[in-house]
Amino acid sequence: MVDYHSADRYFRQTKELYGNTCYVQEKKLNIVMEDGSPGPKSLLAFHEQISDCLKCALGKKRDKFVFGVGDPNANLLLIGEAPGAKEDEVGEPFVGRAGKMLDKMLSAIDRSREKDVYICNVLKCRPPDNRDPLPSEVEQCESYLHMQIQLIQPKLIVALGRVAGKTLLGLDTALKDMRNITHEYAGTPLRVTYHPAALLRNSNFKPAAWEDFKWINTFLEKKNKLWYLEKTIKY
Ligand code: URA
């Protein structure tokens with residue numbers, strides 16, 4: 001629960017001390033691995049640590065390891081299923097036509113892959129012929145996604161498309177049955193929306209996708225205000 005009286009007192013006190021500048025402590029990362037060893041200190045360090053991965057057969061076939069792109073402190077984490085041909089060539093998620101569509105949707109809610117958004121995939125390497133990820137591949141790769149989530153600490157995860165949604169939620173169900181519900185993944189709220197490629201294939205989906213993006217924005221704005229107060233009260 002947010003104690004608004006304490007928040008108010010805090011702001012009055014800091015105003016007396018520091019004027020109009022409000023100091024809030026930065027996020028400190030002290031991740032400990034299951035075996036007790038220290039975890040990576042940053043997303044960049046983690047990227048370097050895993051980019052030679054050969055845990056599953058996809059590693060031998062890839063051109064580039066597609067770790068992810070965006071703001072390492074983003075509130076919004078978008079997750080697709082796996083890199084396609086273009087992503088494998090460039091080493092960045094969503095760089096083809098679907099990626100351009102995604103960029104447009106983000107810009108409509110005043111965000112971008114550099115601004116409060118991080119984008120990655122469940123799998124970091126391209127499956128042959130763009131087939132769906134195999135359960136064994138997801139099993140090998142998912143710990144990387146979990147670590148990315150721990151490092152980024154997003155306030156909301158959005159799965160892009162049915163395959164990403166069903167893979168993350170472990171549900172074999174239609175997209176329509178996963179949308180409009182706030183699920184949870186690795187301790188973070190998760191919503192499922194259309195894959196941008198589906199919007200290119202069928203523009204009838206666009207109004208519903210737009211509703212999803214508006215919901216995302218409203219959720220993050222509300223959450224940000226509360227989070228800011230909660231975080232401020234702690235220090
Ligand atoms: N589709 C995905 O799910 N991910 C990408 O990176 C590109 C297309």
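The structure displayed is predicted, hence computed values, not measured ones. Just follow the structure's listing: the first ligand is 1, and inside any ligand the first atom is 1.
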| remark: atom 1 (N) of ligand 1: closest protein heavy atom, distance to 0.1 Å, is His195 NE2, 3.1 Å
| said: Just to verify, what does Phe213 make a ring-ring contact (aromatic ring centres under 6.0 Å, His included) with, not counting sequence neighbours? | reply: none
| query | Heavy atoms, side chains only, cut-off 4.5 Å: are Leu220 and Arg111 in contact? | reply | yes
| Looking at atom 4 (N) of ligand 1, what's its closest protein heavy atom, distance included? | Asn121 OD1, 2.8 Å
| note | Scanning both residues in full, the closest heavy-atom pair of Leu145 with Lys124 reads CD1-NZ, 4.2 Å
| Is there a nitrogen or oxygen of Gly80 sitting under 3.5 Å from a nitrogen or oxygen of ligand 1? | no
| message | Do Val122 and Val138 make a side-chain contact, defined as non-hydrogen atoms from C-beta onward lying under 4.5 Å apart? | response | yes
| message | Please work out, at 4.0 Å between heavy atoms, whether the side chain, the backbone, both, or neither of Ala197 comes within that distance of ligand 1. | response | neither
| said: Any heavy atom of Ala98 closer to ligand 1 than 4.0 angstrom? | reply: no
| remark: So the atoms of ligand 1 within less than 4.0 Å of a heavy atom of Ala82 turn out to be 1 (N), 2 (C), 3 (O), 4 (N), 5 (C), 6 (O)
| Is Pro93 close to ligand 1, meaning an N/O of one under 3.5 Å from an N/O of the other? | no
| Can you tell me if Lys86 has a non-hydrogen atom under 4.0 Å from ligand 1? | no
| field | Polar contact flag, side-chain donor to acceptor under 3.5 angstrom, Tyr185-His146 | value | yes
| query | Which pairs count as side chain to side chain donor-acceptor pair (under 3.5 Å) when at least one residue sits in residues 82-91, sequence neighbours excluded? | reply | none
| If you measure from each non-hydrogen atom of Glu87 to ligand 1, which part falls under 4.0 Å: side chain, backbone, both or neither? | side chain
| request: For atom 8 (C) of ligand 1, grab the closest protein heavy atom and report residue, atom and distance to one decimal in Å. | output: Phe94 CE2, 3.7 Å
| Flag for Arg179-Thr193: side-chain donor and acceptor within less than 3.5 Å | no
